[in-house]
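Predicted model only: the values in this text are computed from it and were never measured.
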Amino acid sequence: MDTPSLNRRDVLKVSLVGTAAMALPYQAVLSAKSASELDAKRMPRPYVAAFTAPPVLAPYRTDDKPGDTYGTVPGTTTPVTGGAYVGTDYHRIEQRPAQADFGTGVKTTVWGYNGLVPGPTIRVYQNGMQTRRVVMQQINKLPAKHPTLGYVPWTSTHLHGSPSKPQFDGYAGDLTQPGEWKNYMYPNNCSPRTLWYHDHGVHHTAQNVYMGLAAQYHCVDEQLERDLGIPRYDRAKVGTGRPQYEFPLTISDVMFAKNGQLMWDDDGESGVYGDVILVNGVPWPTMKVEPRKYRFRVLNGSLARGYTLRLSNGKPFTVIATDGGFMPRPQTVTQLTIGMAERYEVVIDFADLKGTKVQLINGGVKNARDYDHTGKVMQFEVGTTVTSTDGNSVPSTLGPVNPVMTLDPAASVATRRLRLERTNGLWVINGETWDDVVKTKYEHVFANVARASTEIWEVENSSGGWFHPLHVHLVDFQVLSRNGRPPRPEERGPKDVVYVGEGETVRVIMRFDHEEGRYMIHCHNLSHEDHDMMTQYQVGHHDLDCDSINTAPPKSGDPDEMEDALEEAAEQAEELAEELAESPPPAPTGTGTTGTGTTGTTTGTTTGGTGSTTPPTTCPLHTSDAADVSLTSRH
């Protein structure tokens with residue numbers, strides 16, 4: 001299906017009291033004035049609100065105990081080993097409702113990590129090859145049901161860009177129910193980069209992220225940044241009042257119901273397109289900057305909207321890093337196309353703009369729903385004095401090259417193909433959906449690859465109606481070509497999401513290092529992912545030491561104090577061993593199924609465990625006429 005069809009959602013809007021009104025037909029919506037139902041006089045206005053950056057979260061506690069353990073194999077005292085670390089930072093995060101001020105005159109209910117939208121930024125400091133492990137305790141304090149859409153807000157936290165073990169990767173079926181919690185363990189044994197953590201709970205990722213469950217996470221090598229001389233966040237400045245020259249920019253879009261709450265309309269599972277652009281949760285903010293270089297970690301946190309970013313004066317800017325960290329060489333561009341979940345680090349030089357204002361604007365992408373103000377993103381107000389010239393350059397080369405950028409296509413041991421399309425109303429990869437994985441008790445795999453092997457994957461989008469940002473968990477990859485042509489300049493760095501445009505075929509090359517087990521592949525248009533454009537692949541073996549659901553399931557009751565991971569896991573193993581002695585587990589499940597002629601094997605169980613109940617494959621939405629609800633559905 002190449003062109004979206006007109007459906008009931010295109011014709012009717014349902015208000016909070018259930019009455020219907022005529023809406024713009026589909027073709028008009030592509031360039032309508034607005035999507036929100038809120039009175040125009042109460043809508044936020046561009047460039048009025050001040051720019052803010054999310055706070056950097058200090059660890060709950062830290063230790064300097066070196067190790068390489070990530071819990072134990074269930075039912076045993078055998079440690080699960082992984083990337084070495086020199087110490088651990090412990091973070092405690094609550095997923096909970098909060099009230100946000102979007103400039104509408106009313107408080108809007110959101111769901112945030114620690115009640116913030118976006119959530120707090122986490123920064124992990126590396127020193128060359130030495131890194132620190134992070135234990136992130138995620139506590140689900142969301143309501144038992146979404147007040148308007150009626151679903152149970154189970155969650156699964158994915159640290160996007162991390163080579164995490166499967167049991168800590170935010171697997172779609174590894175569900176933390178309201179009232180439960182889970183300790184995620186991250187090795188941070190990757191190149192310095194911009195990551196982000198967000199919800200990944202099956203079938204409701206889009207709604208949960210739209211409500212606010214997303215935040216940035218940075219792996220930082222401070223000495224490398226000093227040596228490069230680039231603008232950087234200096235933790236020594238915190239609390240001193242001295243200005244920083246590096247900031248996160250998380251860009252997203254929303255729309256508002258008549259009562260000022262967030263409104264949900266994914267256009268028949270095609271995607272949510274709001275008419276209000278947010279930067280770090282603020283509508284079209286104005287940021288005061290000095291006339292010097294600034295570094296921005298740009299994340300497209302929208303559900304379906306792609307952006308073509310450029311400065312209003314046409315001035316070029318410099319891309320220094322992509323999803324997987326620094327590029328081999330900086331790329332100077334005048335515009336940047338960024339799909340959902342992609343991250344780019346850019347340096348903008350305001351030196352010759354003293355006393356002026358310049359806007360970051362959006363040229364849009366094909367098939368986006370554009371409204372009056374979606375061409376605006378934020379404004380910079382440039383001052384006349386510079387406080388410090390430290391970190392005010394961009395070198396011609398950018399530190400150690402990510403190994404994926406040196407991969408030779410001749411070393412590839414296999415070429416695999418993924419077809420992204422909509423068939424019979426379903427979003428599919430190679431004609432299959434995530435439900436095909438669930439029906440096999442999570443054993444069905446698209447591919448079974450050997451650890452440390454190199455492969456080329458060709459991703460095809462024959463549709464003319466949508467682009468698909470494809471995300472491959474665990475690995476970085478290099479974009480080799482786009483329809484046989486070289487990748488765009490901004491793509492010439494390590495990636496984990498690739499923008500696959502309408503009618504495009506993109507070739508990428510990757511090496512399967514770090515971990516073994518099963519990892520997801522999916523479209524990052526989150527409505528597409530939820531309905532059901534996702535599959536999985538397997539690296540090396542699969543067993544109870546790396547089972548996405550059963551190795552480290554969520555728990556109920558009071559959260560623990562995050563003791564040393566090995567000691568805590570040993571205690572859990574003893575308890576589980578006692579339980580198993582009374583009730584033996586099922587026999588091994590044997591071989592898995594495959595989507596491309598390969599076989600995934602397992603000797604562990606694939607169902608069960610706290611919070612691992614298979615959710616329904618369809619979750620109907622419901623409306624409510626309550627005045628203080630948090631998300632209103634348009635039907």
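Cation-pi geometry between Arg488 and Tyr499 is satisfied (NZ or CZ under 6.0 Å from the ring centre, within 45° of the ring normal). Within the cation-pi definition used here (under 6.0 Å to the ring centroid, within 45° of the axis), Arg235 qualifies as a partner of Tyr125. Cation-pi geometry between Arg305 and Tyr273 is not satisfied (NZ or CZ under 6.0 Å from the ring centre, within 45° of the ring normal).
Residues Thr384 and Pro291 come closest through the heavy atom pair C-CG, 3.9 Å. The two residues Thr121 and Pro248 come nearest to each other via the heavy atoms OG1-CG, 4.4 Å. Closest of all the heavy-atom pairs between Asp349 and Lys293 is OD2-NZ, 3.3 Å. Taking both residues in full, the closest heavy atoms of Ala304 and Asn525 are given as CB-ND2, 3.6 Å, listed atom of the first, atom of the second, then distance. Closest non-hydrogen pair, His373 versus Ile277, comes out as O-CG1, 4.2 Å. Thr322 approaches Gly493 most closely through the heavy-atom pair OG1-C, 3.1 Å.
We find that Arg297 and Glu246 are joined by a salt bridge, their nearest charged nitrogen and carboxylate oxygen being less than 4.0 Å apart. Salt bridge present: Arg193 and Asp476 bring a charged side-chain N and a carboxylate O closer than 4.0 Å.
For the 3.5 Å distance criterion, the side chains of Gln331 and Glu490 fail to qualify, holding no donor opposite an acceptor. Side-chain atoms of Gln95 and Thr155 form a donor-acceptor pair, as typed in the model, at a separation below 3.5 Å. Defined by atom type and a distance below 3.5 Å, a donor-acceptor pair is present between the side-chain atoms of Ser302 and Asp253. Side-chain contact check for Gln244 and Tyr294: no donor-acceptor pair (N or O, by modelled atom type) lies under 3.5 Å. Using modelled atom types and a 3.5 Å distance limit, the side chains of Arg343 and Thr194 yield no donor-acceptor pair. No side-chain donor from either of Gln167 and Thr551 sits under 3.5 Å from a side-chain acceptor of the other. Looking at Asp275 and Ser36, their side chains do bring a donor and an acceptor atom within 3.5 Å of each other.
Rounded to the nearest 0.5 angstrom, Thr88 OG1 and Met185 CE are separated by 9.0 Å. Summarising the geometry, atom OG1 belonging to Thr318 is positioned 9.5 Å from atom CD1 belonging to Ile348; distances are rounded to the nearest 0.5 Å. Arg96 CZ to Tyr113 OH: the interatomic distance, rounded to the nearest 0.5 Å, is 13.5 Å. Interatomic distance, CG of Asn280 versus CD of Gln216, reported as 7.0 Å (0.5 Å rounding). Between atom NZ of residue Lys495 and atom CG of residue Asn402 there is a gap of 12.5 Å, rounded to the nearest 0.5 Å. Met378 CE to Leu249 CG: the interatomic distance, rounded to the nearest 0.5 Å, is 5.5 Å.
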Going through the checks in order, is the side chain to side chain contact (heavy atoms under 4.5 Å, CB included) test met by Ile230 and Ile320? CA-CA 9 Å; Ile230 58 177; Ile320 63 171; 4.2 Å; yes
Kindly indicate, with the supporting measurements, whether the criterion ring-ring contact (aromatic ring centres under 6.0 Å, His included) is fulfilled by His198 and Trp111. CA-CA 12 Å; His198 64 85; Trp111 292 350; over 10 Å; no
Could you go through Gln138 and His91, starting from their C-alpha distance and side-chain angles, then the distance that decides it, and tell me whether this counts as side chain to side chain contact (heavy atoms under 4.5 Å, CB included)? CA-CA 9 Å; Gln138 288 283 353; His91 292 277; over 6 Å; no
Given side-chain hydrogen bond (donor to acceptor under 3.5 Å, both in side chains), test Gln99 with Thr109 step by step and report yes or no. CA-CA 5 Å; Gln99 300 295 308; Thr109 300; 2.9 Å; yes
Do Asn140 and Gln177 pass the side chain to side chain contact (heavy atoms under 4.5 Å, CB included) test, and can you show the C-alpha distance, the side-chain angles, and the key distance before you say yes or no? CA-CA 7 Å; Asn140 187 338; Gln177 306 286 343; 5.6 Å; no
Just do the side chain to side chain contact (heavy atoms under 4.5 Å, CB included) check on Lys315 and Leu353 with the steps written out, would you? CA-CA 10 Å; Lys315 181 180 175 67; Leu353 299 174; 4.1 Å; yes
Between Gln207 and Asp199, does the side-chain hydrogen bond (donor to acceptor under 3.5 Å, both in side chains) criterion hold? Intermediate values first, please. CA-CA 9 Å; Gln207 290 107 328; Asp199 186 60; over 6 Å; no
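In summary, of the residues considered (Asp221, Asp63, Asp64), a salt bridge (Lys or Arg N to Asp or Glu O under 4.0 Å) with Arg132 occurs for Asp64 alone. For the side chain to side chain donor-acceptor pair (under 3.5 Å) criterion with His160, the lone passing option out of Asp169, Asp496, Asp323 is Asp496. When each of Val497, Asn362, Val298, Ile251 is paired with Ile338, the side-chain contact (heavy atoms from CB on, under 4.5 Å) condition holds for Val298 and for no other. With Met136 as reference, Ile122 is the one residue of Asp89, Ile122, Asn183, Leu159 to meet the side-chain contact (heavy atoms from CB on, under 4.5 Å) rule. When each of Lys237, Arg232, Glu290 is tested with Tyr245 by the rule side chain to side chain donor-acceptor pair (under 3.5 Å), just one qualifies, namely Glu290. For the side-chain contact (heavy atoms from CB on, under 4.5 Å) criterion with Leu213, the lone passing option out of Val117, Leu142, Thr205, Thr157 is Leu142.
Under the 4.5 Å side-chain criterion, counting only non-hydrogen atoms from C-beta, Val276 is in contact with Leu278. At least one side-chain heavy atom of Phe51 sits under 4.5 Å from a side-chain heavy atom of Phe247. Considering only heavy atoms from C-beta on, Cys219 comes within 4.5 Å of Gln126 through its side chain. A 4.5 Å side-chain heavy-atom check between Thr250 and Val279 finds every atom pair outside the cut-off. Contact annotation: the side chain of Arg295 never approaches that of Tyr233 to less than 4.5 Å [non-hydrogen atoms, C-beta and beyond]. Pro400 is listed as a side-chain neighbour of Leu224, based on a closest heavy-atom distance under 4.5 Å. Side-chain contact between Pro192 and Glu225: absent, with no pair of heavy atoms (C-beta onward) separated by less than 4.5 Å. Looking at heavy atoms from C-beta onward, Met340 lies out of side-chain contact with Leu303 at the 4.5 angstrom threshold.
Gln478 places a side-chain N or O within 3.5 Å of a backbone atom of Val404 that can act as its donor or acceptor partner.
Aromatic ring orientation, Tyr186 versus Tyr217: perpendicular (interplanar angle above 60°, classes split at 30° and 60°). The aromatic rings of His522 and His200 stand perpendicular to each other, their planes meeting at an angle above 60°, with 30° marking the opposite boundary. Relative orientation of the His158 and His473 rings is parallel, given thresholds of 30° and 60° on the angle between their planes.
Aromatic rings from Phe256 and Phe102 are positioned such that their centres are separated by under 6.0 Å. A ring-centre distance under 6.0 Å is not found for His146 and Trp264. Between Phe380 and Phe350, the gap from one ring centroid to the other is short of 6.0 Å.
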